[in-house]
Undergrad: 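First, the structure itself, so that you have it in front of you.
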Amino acid sequence: MAADSALLLSLVEEFVSGLQDSKAKDTATGVKDGQFTVLQLVEALGLSLMSSQPHTRARGVQLLSEVLHECYGNLTEAEVEVLIAFYENRLKDHYVITPPVLQGLRALTKCTVLPPGSAVSMLRSLFQDVHVQSLMLAERSCVYNMLINLMETREAELKGLGTDFVFGFVQSMDGERDPRNLLLAFQIAKNIIHRGYDLGKFAEELFEVTSCYFPIDFNPPANDPHGITKEELIEELRAVLTGTPKFAEFLLPLIIEKLDSDVQSAKHDSLQTLVRFLIELPLIVSLQVFQTSSEKIESAGLTALTALTSCLSRSVLNSDSEDSLSTFLDMVLEDCKHHLSELDLKLVWPSAKLLQAACSASNRASYIITAAVMPSLIEQYSSRTQCSHRRTLLEVVLRFIQSVKTSQASESVFSAFRESLCSMVFSALTETNTSLQITATSMLTSLAQRPGLLLDSDIELALDHLTRLLLTEDDDGVSLAVVKCAGALAELHPAVFITKLIPRLKTEEASEQHSHHAVRQRCLSALAAVSTQPSVVWESTPVLLEVLGSAHKGSICFSVEEVVLACRSLQRIAERVQDTEETGRCFHEIIIPRLLSLALQAALQGEPQSLNGIHLHPSSFTPSLKYHSIILITTSRAVSLFLDGDVSFLPDNSFPSQIQLLKQQGDSWSQSQMVCLLIGCVCSLPRSVEVPQIDQLLSQLEEMSCTCSHPLSYTSAAKCFAGLVNKRSEGDSLHSLIQSMMKKVCKELHSTSSPVRTQAFTLLIWVGKALLLRYHPLSTVLTDKLFSLLDDADLGPMAADSFSMLMSDSADVLNRGCHADVRIMYRQRFFSENSAKLVQGFNAAPQEKKPNYLKALSNIVNKLPKQVQVTELPALLSLLLEALSCPDQGVQLSTLSCLEPVLIDPPPALIQQLEALVSRLLALISSPTMTVRIASLHCIHALSRFPEHEILPFRARVLRALARPLDDKKRLVRSEAVQARAEWFLLGSPGGR
């Protein structure tokens with residue numbers, strides 16, 4: 001033992017003092033052979049390690065480190081613990097000692113018997129006491145290798161450091177320039193990212209410290225012994241930059257910046273990195289779609305996936321390049337496809353949506369994805385027996401079909417699965433489950449819209465199924481789906497519907513076997529749905545007309561609802577059918593004459609109820625406005641019928657020779673109400689089409705509107721008169737017509753005992769609207785007359801109500817759909833010209849007449865655009881506050897709706913009136929009308945957003961008043977009261993605004 005001790009001391013002396021580096025190897029051999037232990041070596045180094053000379057201490061530490069480098073595998077845990085404590089302490093020593101200390105620590109990191117916590121202890125000492133970038137190349141490499149060793153063996157401990165580890169690494173790497181060390185540093189950064197270390201707030205710092213080397217600009221020497229290549233550095237750095245979605249917001253701007261470079265290699269590297277980034281994105285997008293509960297985030301994620309797939313689909317392929325699209329879609333399929341077999345789990349729909357989003361991007365993408373998923377879906381449908389599973393599979397397949405655009409030659413995409421898809425649909429249509437049937441009709445529609453997926457035999461079989469469901473299925477949802485599907489198929493395959501469906505529906509309509517009328521109503525709806533092609537219209541409309549004729553004759557018992565539905569079906573056909581000359585002839589030569597004939601027969605027989613279905617929307621029975629010759633014929637016939645009683649063009653012509661439809665026959669008004677049909681014939685024409693005998697027609701309409709006692713008759717006559725006046729060309733004849741009409745109307749209005757004051761007033765309103773819409777100069781005369789009637793004892797309330805009609809759109813006349821002359825912003829112009837008159841009239845009116853002015857003002861302001869209300873209301877604030885006190889609940893409600901947008905950004909004038917406003921609003925929360933209570937609570941809620949110092953004095957008063965609606969019998973009122981009271985309660989409190 002003495003000899004071994006002497007040998008050890010000799011070796012130490014020769015290494016430390018004699019500077020013989022070879023003695024380190026001899027010492028290591030002695031330790032391996034068991035001549036002496038590491039602890040004995042430390043004891044022998046005692047004088048050297050405690051020397052006052054830094055270089056002597058450095059030589060002693062160097063000897064120990066070199067021996068550990070050879071013998072680390074023989075150390076015990078206790079020895080390692082002592083050595084780690086020694087080396088950590090030496091890191092605080094002179095800087096010349098740091099290199100051998102790092103070598104020793106590196107050797108210790110290779111030990112398999114590292115004590116728990118020692119890895120964290122070493123790294124804390126390293127990051128705290130060593131400035132890595134001030135070290136030489138070999139020492140920096142030593143530090144990186146230490147980190148790599150510890151990440152391999154003590155990963156859990158390092159993750160326990162949290163973001164401190166990432167921060168320490170960033171500091172250690174910052175400024176590294178040597179390619180050999182950069183390769184090691186990139187490996188560490190990649191491990192940090194891919195192994196789930198916590199980046200925390202240092203994600204940007206880690207990106208910055210690595211991205212500063214992008215793109216790699218390194219050309220190794222010709223005879224580089226280290227073998228570091230540019231490609232290795234590029235791949236390692238690319239793996240770091242594209243390794244985590246947290247780098248996305250920093251990476252994309254960097255790539256865009258580098259793409260502007262003039263260096264070709266920089267552009268190439270940037271594009272390759274972008275491709276790698278895009279390929280990694282499916283995992284990121286899938287994660288967002290799988291985990292989110294927000295529809296907006298899901299939609300944005302799916303849109304992003306579609307855009308990425310579309311972008312990759314446009315990449316140019318050559319023989320030696322990788323197919324980026326296939327690689328990208330393989331990742332999407334790998335992540336999502338297996339979920340399509342887990343129908344009871346919630347991930348089936350997110351997975352399907354992701355695949356469908358990618359499928360919709362391009363034709364190539366649709367081929368790849370459908371080839372991968374469709375066989376599995378079809379096989380599952382055949383093997384599953386539960387209706388819920390089959391419906392889910394059918395919906396998934398349906399969305400795949402819908403996701404592929406028809407412009408992408410989708411018949412080729414699904415042609416391989418055509419027979420299986422048809423089998424799925426027809427199988428589902430025979431099921432009894434309504435949800436499955438509804439989904440099947442949607443899928444049938446989608447298949448029909450893709451060319452080549454349904455053969456003629458498939459269409460006929462589909463029509464058989466649809467007909468069976470239409471006639472036998474009572475579920476409303478199934479019926480609507482079947483009708484919708486039939487309409488879509490008829491547009492594409494009209495011939496088969498003409499030969500098979502329409503005759504069957506005609507038979508059902510003529511049958512009296514049904515004890516209820518639901519089947520007939522479904523048949524009527526189906527006839528309207530399938531009639532989108534002119535050839536179908538020629539066959540379907542006679543069936544509908546036959547229903548009306550049979551109902552009139554009483555040969556078959558049709559309910560009033562069925563008659564109305566038949567008329568509405570004709571209206572729907574007129575609105576949806578292709579506007580061709582063939583369609584125009586059908587309507588103008590067959591349908592309109594037949595309808596007029598039926599209506600006239602009912603009127604002559606004194607059956608006014610028979611007109612209920614026909615006069616709903618007469619303007620819809622005049623399609624084909626492009627073909628003026630057809631229109632003129634119908635218009636001339638209609639005018640001759642109403643003026644001259646000419647019935648020669650009507651079918652079933654068995655009418656008396658003397659018919660006067662524009663005159664009321666005694667107390668009977670069954671014929672005079674026919675004028676409502678004249679509106680559709682003459683008031684829906686383009687302004688370029690001249691109405692025949694218009695002067696005589698206007699004269700008769702004016703006479704009828706002022707003399708007839710039947711409300712529908714004189715109102716329809718006034719509407720028709722106004723519709724013609726609106727389109728009449730400017731000139732002396734129009735001026736004279738209006739002057740003559742005004743003279744007659746004023747005469748009746750001025751006579752309080754006149755029996756036709758209401759009729760004259762109705763004519764005044766409609767003509768005033770007709771002139772107002774076209775900015776005619778005489779419109780002011782008529783509207784001034786309306787203002788003066790606000791003081792009338794009998795007509796005052798009606799005049800106030802009439803301003804609502806004056807400012808509103810009319811459904812059947814005087815609208816742009818009827819080609820009326822409607823100028824832009826006529827409401828704003830009327831308001832600006834007449835608001836002052838209204839205020840003056842209110843101030844001058846007696847107290848009992850003031851409510852009429854308030855109601856008129858409310859009706860006018862309520863129809864103005866919100867932007868205009870906000871700018872104009874401050875000037876009318878005093879009147880609006882008065883309107884809140886008006887007993888008319890309609891005035892209250894419209895005034896509250898006017899005030900609400902102004903309260904969002906209150907003008908100074910409103911804040912000055914807070915006392916009056918709060919008092920009136922609090923009074924309205926006890927209104928007997930629920931809508932008024934809710935609107936007033938809305939406004940009180942909006943008041944809580946006023947400047948706090950202005951509304952704080954009202955807080956206690958408002959809170960007391962809001963206690964009552966908290967117990968309101970209506971839930972909507974209680975809900976609004978809770979929200980309003982909560983906002984007012986928080987005013988002035990620490991948790992408030």
Side-chain angles (χ1 to χ4, degrees), residues 38 61 64-92 98-133 135-174 176 178 180-200 202 205-206 209-210 236 239-240 243-244:
V38 173
V61 175
L64 178 61
S65 297
E66 291 188 17
V67 171
L68 290 178
H69 185 69
E70 297 292 334
C71 308
Y72 62 85
N74 300 326
L75 297 175
T76 65
E77 184 174 328
E79 290 173 334
V80 171
E81 187 173 2
V82 172
L83 289 169
I84 289 174
F86 167 74
Y87 277 118
E88 289 177 358
N89 183 265
R90 292 301 91 193
L91 285 175
K92 299 178 175 64
T98 301
V101 172
L102 294 175
Q103 292 176 15
L105 286 173
R106 177 190 174 189
L108 292 175
T109 59
K110 299 178 183 179
C111 293
T112 57
V113 292
L114 278 177
S118 58
V120 172
S121 176
M122 279 191 285
L123 290 184
R124 287 193 186 278
S125 298
L126 177 66
F127 294 150
Q128 181 176 347
D129 299 326
V130 179
H131 182 251
V132 177
Q133 288 306 312
L135 302 174
M136 299 298 288
L137 169 64
E139 286 71 44
R140 300 198 305 274
S141 176
C142 190
V143 171
Y144 298 138
N145 279 296
M146 284 176 56
L147 296 178
I148 291 174
N149 293 339
L150 292 175
M151 293 178 80
E152 293 296 330
T153 60
R154 293 293 186 269
E155 182 174 288
E157 290 186 30
L158 300 191
K159 288 183 177 179
L161 281 169
T163 57
D164 290 345
F165 177 70
V166 178
F167 179 66
F169 168 70
V170 168
Q171 284 188 316
S172 302
M173 180 188 173
D174 191 11
E176 182 61 62
D178 187 84
R180 290 163 288 181
N181 285 343
L182 281 176
L183 198 59
L184 297 174
F186 291 157
Q187 290 175 6
I188 296 170
K190 181 173 68 174
N191 289 339
I192 289 174
I193 292 169
H194 288 259
R195 295 183 182 180
Y197 285 78
D198 183 15
L199 301 184
F202 299 114
E205 282 76 6
L206 181 60
V209 81
T210 52
E236 291 295 332
V240 173
T244 172

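These numbers were taken from a predicted model, which means no experiment stands behind them.
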Undergrad: Could you tell me the separation between the CD atom of Gln133 and the CD atom of Gln171, rounded to the nearest 0.5 Å?
TA: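 Output value for this atom pair is 11.0 Å.
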Undergrad: Output yes when a side-chain donor or acceptor of Arg195 lies under 3.5 Å from a complementary backbone atom of Met151, and no otherwise.
TA: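 A pair under 3.5 Å: yes.
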Undergrad: Do Glu157 and Leu150 make a side-chain contact, defined as non-hydrogen atoms from C-beta onward lying under 4.5 Å apart?
TA: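 Glu157 does not reach Leu150 side chain to side chain.
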Undergrad: Does Gly196 offer a backbone N or O that forms a donor-acceptor pair with the side chain of Lys159 under 3.5 Å?
TA: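 Judged by distance alone, no pair lies under 3.5 Å.
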Undergrad: Applying side chain to side chain contact (heavy atoms under 4.5 Å, CB included), run through His69 and Gln103 and close with a yes or a no.
TA: CA-CA 8 Å; His69 185 69; Gln103 292 176 15; over 6 Å; no
Undergrad: If I compare all heavy atoms of Leu147 with all of Phe127, which pair ends up nearest, and what's the gap?
TA: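 Heavy atoms of Leu147 and Phe127 come nearest at CD2-CZ, 4.1 Å.
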Undergrad: Nearest 0.5 Å, please: how far is CG in Leu182 from CZ in Arg140?
TA: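 Arg140 atom CZ to Leu182 atom CG measures 9.0 Å (nearest 0.5 Å).
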Undergrad: Under the criterion side chain to side chain donor-acceptor pair (under 3.5 Å), I'd like the reasoning laid out for Ser65 against Tyr87: C-alpha separation, chi angles, the key distance, then a yes or no.
TA: CA-CA 10 Å; Ser65 297; Tyr87 277 118; 2.9 Å; yes
Undergrad: Are any non-hydrogen side-chain atoms of Val101 and Val130 less than 4.5 angstrom apart?
TA: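 Heavy-atom side-chain distance check fails, nothing below 4.5 Å.
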Undergrad: Any chance you could measure Arg154, atom CZ, to Leu123, atom CG, to the nearest 0.5 Å?
TA: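 Rounded to the nearest 0.5 Å, the CZ-CG separation comes to 12.0 Å.
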Undergrad: What distance separates Ile148 CD1 from Asn191 CG, expressed to the nearest 0.5 Å?
TA: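 The CD1 atom of Ile148 sits 7.5 Å away from the CG atom of Asn191.
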Undergrad: For residues 105-114, tabulate all N or O donor-acceptor pairs below 3.5 Å that involve a side-chain atom, not counting sequence neighbours.
TA:
{"unit_1": "Thr109", "atom_1": "OG1", "unit_2": "Arg106", "atom_2": "O", "d": "2.4"}
{"unit_1": "Thr109", "atom_1": "OG1", "unit_2": "Asn149", "atom_2": "ND2", "d": "3.1"}

Undergrad: Could you walk me through whether Val120 and Leu161 satisfy the side chain to side chain contact (heavy atoms under 4.5 Å, CB included) test, starting with their C-alpha distance in whole Å, then the side-chain angles of each, then the deciding distance to 0.1 Å, before giving a yes or no?
TA: CA-CA 7 Å; Val120 172; Leu161 281 169; 3.6 Å; yes
Undergrad: Identify the two heavy atoms, one from Pro115 and one from Ile84, that lie closest to each other, and give their separation to 0.1 Å.
TA: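 Smallest interatomic distance, heavy atoms only, reads CD-CD1, 4.4 Å.
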Undergrad: Answer yes or no: are there more than 12 heavy-atom neighbours, outside Glu81 itself, under 6.0 Å from its atom CD?
TA: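 Atom CD in Glu81 is not crowded, with 12 or fewer foreign heavy atoms closer than 6.0 Å.
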Undergrad: Decide yes or no on side chain to side chain donor-acceptor pair (under 3.5 Å) for Ser121 and Glu88, but give the supporting numbers first.
TA: CA-CA 8 Å; Ser121 176; Glu88 289 177 358; 2.4 Å; yes
Undergrad: Run Gln128 and Leu91 through side chain to side chain contact (heavy atoms under 4.5 Å, CB included) and show every step you take.
TA: CA-CA 10 Å; Gln128 181 176 347; Leu91 285 175; over 6 Å; no
Undergrad: Considering residues at least two apart in sequence or located in another chain, which fulfil the ring-ring contact (aromatic ring centres under 6.0 Å, His included) criterion with Phe202?
TA: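 Partners of Phe202 under the ring-ring contact (aromatic ring centres under 6.0 Å, His included) test: Phe167.
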Undergrad: With heavy-atom distances below 4.5 Å as the criterion, would you say the side chains of Pro116 and Glu77 are in contact?
TA: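 Side-chain contact under 4.5 Å: yes.
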Undergrad: What verdict does the side chain to side chain contact (heavy atoms under 4.5 Å, CB included) test give for Leu83 and Leu64, after you've listed the backbone C-alpha separation in whole Å, the side-chain angles of each residue and the deciding distance to 0.1 Å?
TA: CA-CA 10 Å; Leu83 289 169; Leu64 178 61; 4.2 Å; yes
Undergrad: To the closest 0.5 Å, what do you measure between CD (Glu79) and CG (Leu68)?
TA: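 Glu79 CD to Leu68 CG: 9.5 Å, rounded to 0.5 Å.
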Undergrad: Is any side-chain heavy atom of Leu199 closer than 4.5 Å to a side-chain heavy atom of Ile192?
TA: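 SC-SC contact between Leu199 and Ile192 confirmed.
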Undergrad: On a heavy-atom basis, which atom in Ala185 and which in Phe169 lie closest, and how many Å separate them?
TA: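 Closest heavy-atom pair between Ala185 and Phe169: O-CZ, 3.4 Å.
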Undergrad: Just how far is it from atom CG of Asp174 to atom OG1 of Thr210, taken to the nearest 0.5 Å?
TA: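 The distance works out to 11.0 Å.
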Undergrad: For Glu176 and Met173, indicate whether the former's side chain and the latter's backbone hold a donor-acceptor pair under 3.5 Å.
TA: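 Side chain of Glu176 to backbone of Met173: no pair is present.
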